[in-house]
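Counting from 1, the numbers follow the sequence of the chain as shown. Values below: all heavy atoms of this structure, side chains included; hydrogens, waters and symmetry mates excluded.
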Amino acid sequence: MSEDRKSLNFIEQIIEEDLSNGMSKNKLRFRFPPEPNGYLHIGHTKAIGISFGLGEYYNAPVNLRFDDTNPAKEEQEYVDAIKKDVAWLGYKWDKVLFSSDYFQQLYDWAVILIKEGKAYVDSQSSEAMAEQKGTPTQPGVDGPFRNRSIEENLALFEGMKAGEFDEGEHILRAKIDMQHTNMLMRDPIMYRILKKHHHRTANDWCIYPMYDWTHGESDYIEQISHSLCSLEFKPHRELYDWFLDQIVDTNKLRPKQREFARLNLSYTIMSKRKLLKLVEDGIVNGWDDPRMPTISGLRRRGYTPNSLRKFVETVGVAKRDNVIDVSLLEFCIREDLNKTAPRVMAVLNPVKLVITNYPEDKVEWMDAENNPEDESAGFRKVPFSRELYIEREDFKEEASNKFFRLKTGGEVRLKNAYIIKAENVKKDAEGNITEIRCTYSEDTSKKVKGTLHWVSIKHALKAEVREYDRLFNDEAPDSHQDKDFMEFLNPNSLKIIEAYVEPSLKEANIGDRFQFQRLGYFNMDDDSTSDSLVFNKTVGLRDTWAKQKPKPNNNQPKQTPQNNRPAIDQIKSYGKKYDRMPEDKQAKAKAEIQELAKLVSYDEVEPLFNTSVKKSGTRIITMITLGVLLQNGLEKNDAISNFIAKALEDKNILLVQEAKALL
């Protein structure tokens, strides 16, 4: 076991045991074997991360091998897309290989099995074979062609290869045991006739090997030491080993198949067939639609390689299937972009604001910090003028003391600029506010509670903003036996907005990521041009789904709510355990705290600033709560600044991270 690794997952334990039992480290070799019949999705990132991660850790080669044994569904487009995705994630393969590279060798081995009486050609219908195969509790029975002569089998198999028969007329089966307790061992199919054009071998072959026959033999040819696959292939391991038994040279390395739990994500489907249906039915705009769980879709939405790798690392390697909350994935991208994304100002739902005592023709270029998380990011100039746009929801004519944004007679600070006071409004015939009229003060030292973002009307650029949400509004859309997964599509998964952004974004490039201050993280879409800017919403600043609960069943008796405690008390309850939670539970708890924080006032939070240094969990949840209040317009005061400054000097990494996010 390596000294710098504190704990090993079960796959690493297997490898370490093999090394301690005499396997040379130079013999280690891994592979990632996708079928090129669709685009890679978030579920594949786990398999990619495990194999390539082991390669990086043990300094061992990793092959990218395409399992291209079904020409009816495979295309070069998918090969190219898969290579692009793996490279984008930051992994480097040793060799690009294809199962089709081994078609001749696989055929030759199949002939040997026929000659040894271990394979035969079956000429029955698929229905007849299925009936003979039995059930998990009932043994199968031998078919009428199981005892064909070796000579007849060889002739028929050669005829299959030569194209003398139609699809479905014959298949080649391994001759194992029709009464075996493992149904996969009941004379599995090795070859079928498919008269389809292959993306690499063209029309050279009209018989194609099945996955189970190809898988282990390809591993053996490439001398893969550990063949890692998802848990549904565990019953296949016995067949994997049987096929290897027939061809392995004892002087060569024999591959070992081991299985791990696949990655399942809430509010997401992973089936390539179902994803293809979404594309073909026009529900989404292609495999790289930002609502798709494909790697190309996540990339276009603005996800980073680091966030996906961190997500896979956090999920870990398990032996049992489970469902990971999608909020953990969203947490990982927020954490990454918080550190790297430049801050800019954009207004998505504009209302005009006029500063009546500001000169009409005057323009000032204000200094704006690009990223408080990165001192090297520097500053940019933002134009300020008499007429601005602010968010419509940032103003109310009348509001309570908990509303820290702009209201009639109230004052707020404009980010990077002056303090303004709302004097009156103009309305249209329907009573809608069309203009907020304000005055400004050059005394920026005044203490006010709210800070708003804005853009100068005469300088702002129009932009199309695509606000993406989850594609499904059900946590497990394909788990309902009596309903089609399409019934759970979220009708509000895409909202297109005409927004206004600051002029610095004219220089942005496709793929660049930004934090639209107080709104969320966005990136420039592939559809952008110099004359037409398009931005995708990657993720909000906090989880807006966290408090959404299933609708109550009206047939059930009503129950008294279990939790009538004030929101601040519920937040405090997380303090004792927050910094000891696993990362996935921590992400969920943080989202819940952020939702509860919307219901508390600053006066309820400030007493927590004096929490003992030893109670780091309480200080962390206080910092998270404070972040929501600041996000909603609370102005920093000396008490807040001192609390943040003290936290930055703490030894607790989580507390320091939360404090940095508020700078």
Discussion item. Check this for me, if you would: do Arg200 and Asp101 make a salt bridge, where the nitrogen-to-carboxylate-oxygen distance has to be below 4.0 angstrom?
Written reply: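 Salt bridge flag = yes for Asp101 with Arg200.
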Discussion item. Going by the rule side-chain hydrogen bond (donor to acceptor under 3.5 Å, both in side chains), which residues pair with Tyr303 if we only count those two or more places apart in sequence or in a different chain?
Written reply: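 None.
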Worksheet entry | Ring-face cation of Arg291 near Tyr468 (centre distance under 6.0 Å, axis angle within 45°) |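 Relative to the ring axis of Tyr468, which defines the angle, Arg291 lies outside at least one limit.
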Worksheet item: What about the rings of Phe52 and Tyr91, do their centers lie closer together than 6.0 Å?
Response: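 Here the rings of Tyr91 and Phe52 have centres that are less than 6.0 Å from each other.
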Worksheet entry | Contacts of Pro188 that satisfy side chain to side chain contact (heavy atoms under 4.5 Å, CB included) - sequence neighbours left out |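 Side chain to side chain contact (heavy atoms under 4.5 Å, CB included) check on Pro188 returns Ala174, Ile176, Leu239, Phe243.
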Practice prompt. Please confirm whether His480 and Phe488 have ring centers closer than 6.0 angstrom.
Written response: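 Centroid distance His480-Phe488: below 6.0 Å, so yes.
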Item to complete: Under the ring-ring contact (aromatic ring centres under 6.0 Å, His included) rule, collect the residues that match up with Phe66, sequence neighbours excluded.
Response: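 For Phe66 the ring-ring contact (aromatic ring centres under 6.0 Å, His included) partners, ignoring immediate neighbours, are Phe98.
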Discussion item. Can you confirm if the aromatic rings of Phe514 and Phe522 lie within a centre distance of less than 6.0 Å?
Written reply: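 No.
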Practice prompt. Give me the ring orientation class for Tyr39 and Trp287: parallel if the planes are under 30° apart, tilted from 30 to 60°, perpendicular past 60°.
Written response: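 Because their plane-to-plane angle is under 30°, the rings of Tyr39 and Trp287 count as parallel.
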Worksheet item: How far does OG of Ser493 sit from CG of Asp469, to the nearest 0.5 angstrom?
Response: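 That separation rounds to 7.5 Å.
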Quiz: residues 270-282 side-chain donor-acceptor pairs under 3.5 angstrom, not counting sequence neighbours:
from, atom 1, to, atom 2, distance (Å)
Ser271, OG, Arg273, N, 3.3
Ser271, OG, Lys274, N, 3.2
Lys272, NZ, Glu35, O, 3.0
Lys272, NZ, Asn37, OD1, 2.7
Lys277, NZ, Asp281, OD2, 2.9

Practice prompt. Measure from the ring center of Phe260 to the ring center of Phe233 and say whether it is less than 6.0 Å.
Written response: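 No, they do not, as the ring centres are separated by 6.0 Å or more.
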Worksheet item: What about the rings of Phe103 and His198, do their centers lie closer together than 6.0 Å?
Response: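 They qualify: ring centres under 6.0 Å apart.
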Discussion item. What I want to find out is whether Glu373 reaches Lys660 closely enough, with some N-O distance under 4.0 Å, to be called a salt bridge.
Written reply: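 No, no charged N to carboxylate O under 4.0 Å.
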Practice prompt. Classify the angle between the aromatic ring planes of Tyr58 and Phe30 as parallel (below 30°), tilted (30 to 60°) or perpendicular (above 60°).
Written response: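 Rings of Tyr58 and Phe30: tilted, 30 to 60°.
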Practice prompt. Would you please name every residue forming a side chain to side chain contact (heavy atoms under 4.5 Å, CB included) with Pro372, sequence neighbours left out?
Written response: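 Per chain and number, Pro372 pairs via side chain to side chain contact (heavy atoms under 4.5 Å, CB included) with Arg343, Glu369, Leu663.
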Practice prompt. Using only heavy-atom distances, determine whether the side chains of Arg380 and Asn370 contain a donor-acceptor pair under 3.5 Å.
Written response: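 There is such a pair between these side chains.
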Fill in: Rounded distance (nearest 0.5 Å) linking atom CG of Leu228 with atom CZ of Arg258
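The distance works out to 9.5 Å.
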Practice prompt. Apply side-chain hydrogen bond (donor to acceptor under 3.5 Å, both in side chains) to Thr268 and list each qualifying residue two or more places apart in sequence or on a separate chain.
Written response: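 With sequence neighbours excluded, Thr268 shows a side-chain hydrogen bond (donor to acceptor under 3.5 Å, both in side chains) to no residue whatsoever.
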Worksheet entry | Validation row, ring centre His236 to ring centre Tyr240 under 6.0 Å |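 So the answer is no for these two rings.
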